[in-house]
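Some notes on the structure that comes next.
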Amino acid sequence: MRSSVLRRTCVTAVATALTITGLAACDAEGDSAADGKTRITVNCWPQPSAKIDHQRFDEDVRTFEKQNPDIDVTAHDAFPCQDPKTFDAKLAGGQMEDVFYTYFTDTERVVSINQAADITEYVKDLKAYKDIAQPLRDAYTVDGKIYGIPRTNYSMGLLYSKPLFTKAGLDPDKPPATWEEVRAAAKKIAALGDGTVGFAEYSAQNQGGWHFTASIYSQGGAVVSEDGQKATVDTPEGKAVLQNLKDMRWRDDSMGAKQLLIINDTLQMMGSGKLGMYLAAPDNVPRIVKEAGGTYEDLAFAPMPGGKGTLMGGDGYMFNKKATPEQIKAGLAWLEWTFLTPGQGYMNNYARAADDKSPVGLPEPRLFTGATDAEDQELKKASANVPVANYQAFIDGGQQLDMKLEPKHGQQIYAVLDGAVSAVLTKKDADIDALLKDAQSKIDGILARG
């Protein structure tokens, strides 16, 4: 992290701001040194503890710099790439890197407080930009102006354990397609005993609200009206979400006694073979394998139950308001090289990833369309090293769902909805109508403040 003072001069590398080139980065007021190079800072370099990812990112920066000798890239490592506890303060203090990581849900807020550079006139030079799916481009567009570049996207589905389905007498090749079927399957899996949980749900750290949003989409509802002016959680669809959770928790006893779960809990539960199902994005699969002892063969994906919709989100990079035109051009060149070119860079070098024993072939939603997508899919298929058949239901079924982006002010809304979800999972007498009425009022307040 750099202070606003340090951003006005070149500084030497320090442990918390690893300088790949051995040279210090300068800020927007001094981005070019006597050698004529443009220097940029970027974040989201995997931490050294993620040894292979850290090394590959480092290698990519060096290769990029060799191919672009007029650009120096200084990368800052971090996990997570954006920490909600520090992001707002860093943003408000003008301490962001020249090219900084954001979620789709951050766009409006970053722009509204005047901390993002308008890059509209520069993206025309990005070859792959026109082939990025329109909804993803829209996520970084405000009032017709472009403020960011998508990096990845995801949609939610039902992650389940094939071995537990088999043990419970369920067909692992026919996953639940409705919430009624999820509930019935969860009861059978929980009946296996020995601490086995049929279905798990998040209910803390904004993650419960995030999953509530995915679930209400699956019911055909939404958390915010189409015009973004009013909350829409105190509805039959919202009630169905909470009622289903309450019934599974207290009537069926299929969700286990431990609640207030977050993602790390479900990863460990699934990896240990004690969890039947939970809502997730495909990136959970390799984490379960790497961090919790699971196997790719045991994990399968199905589309969101309900058949009406699913939550779609993603991330990317925005540019510091202080960035010069030269830094914006250099930053875009870096993003295109490492994130937007099939077959190369940190995200799309599938052959290298397969050599590293990293998963290739997971059912991520497609970032691209057109010719770029066709090339990307062909390269991915050639290096696939996971059981892609386990995800075919997710791929086929997802095409029939209404893909909805996360709502504006998403993190604030999720914090409100966390309370409703946690209440029904921890209090047997929780009043669903009162919880939804209260959530509706609080979200209306968030929307009214802009």
How many angstroms lie between atom CD of E336 and atom CG of L126, to the nearest 0.5 angstrom?
4.5 Å

Between the side chain of Q327 and the main-chain N/O of T324, is any donor-acceptor distance below 3.5 Å?
yes

Determine whether a donor-acceptor pair (N or O, by modelled atom type, separation under 3.5 Å) exists between the side chain of E201 and the backbone of G208.
no

Will you find, in the side chains of W179 and S215, an N or O donor that is under 3.5 Å from an N or O acceptor?
no

Check for a donor-acceptor pair, side chain of D77 on one end and backbone N or O of W45 on the other, with a separation under 3.5 Å.
no

Does L260 offer a backbone N or O that forms a donor-acceptor pair with the side chain of S203 under 3.5 Å?
yes

Decide, yes or no, whether a salt bridge links K258 with D265 under the criterion of side-chain N to carboxylate O below 4.0 Å.
yes

Do the side-chain N and O atoms of Y103 and E406 include a donor-acceptor pair separated by under 3.5 angstrom?
no

Taking the side chain as everything from C-beta on, heavy atoms only, tell me whether S155 gets closer than 4.5 Å to M403.
yes

If you measure only the distance, is there a donor-acceptor pair under 3.5 Å linking the side chains of N348 and Q344?
no

I'd like to know if D373 and R366 make a salt bridge, using a cut-off of under 4.0 Å between side-chain N and carboxylate O.
yes

Can a salt bridge be assigned to the pair R137 and D131 using a cut-off of 4.0 Å between side-chain N and carboxylate O?
no

Are S358 and D356 linked by a side-chain donor-acceptor pair shorter than 3.5 Å?
no

Between S422 and D418, is there a donor-acceptor pair closer than 3.5 Å when you use the side chain of the first and the backbone of the second?
yes

Show the numbers, then the answer: is there a side chain to side chain donor-acceptor pair (under 3.5 Å) between Y101 and D315?
CA-CA 7 Å; Y101 175 94; D315 60 19; 2.7 Å; yes

The test is side chain to side chain donor-acceptor pair (under 3.5 Å); show your working for E97 and N43 and say whether it passes.
CA-CA 7 Å; E97 287 79 3; N43 62 3; 3.3 Å; yes

So, are E59 and R56 salt-bridged, with charged N and O less than 4.0 Å apart?
yes

Check: M304 main-chain N/O paired with T310 side-chain donor or acceptor under 3.5 Å:
no

Under 3.5 Å side-chain donor-acceptor pair for W337 and Q67
yes

Check this for me: does any side-chain nitrogen of one of D106 and R109 sit under 4.0 Å from a carboxylate oxygen of the other?
yes

Mark yes or no for whether N68, through its side chain, and I71, through its backbone, hold a donor-acceptor pair below 3.5 Å.
no

Could you check T105 against Y414 for side chain to side chain donor-acceptor pair (under 3.5 Å), going step by step and ending with a plain yes or no?
CA-CA 11 Å; T105 50; Y414 297 161; over 6 Å; no

Going by distance alone, is a donor N or O of one side chain under 3.5 Å from an acceptor N or O of the other, for Y296 and N385?
no

Closer than 4.0 angstrom, basic N to acidic O: yes or no for K162 and D298?
no

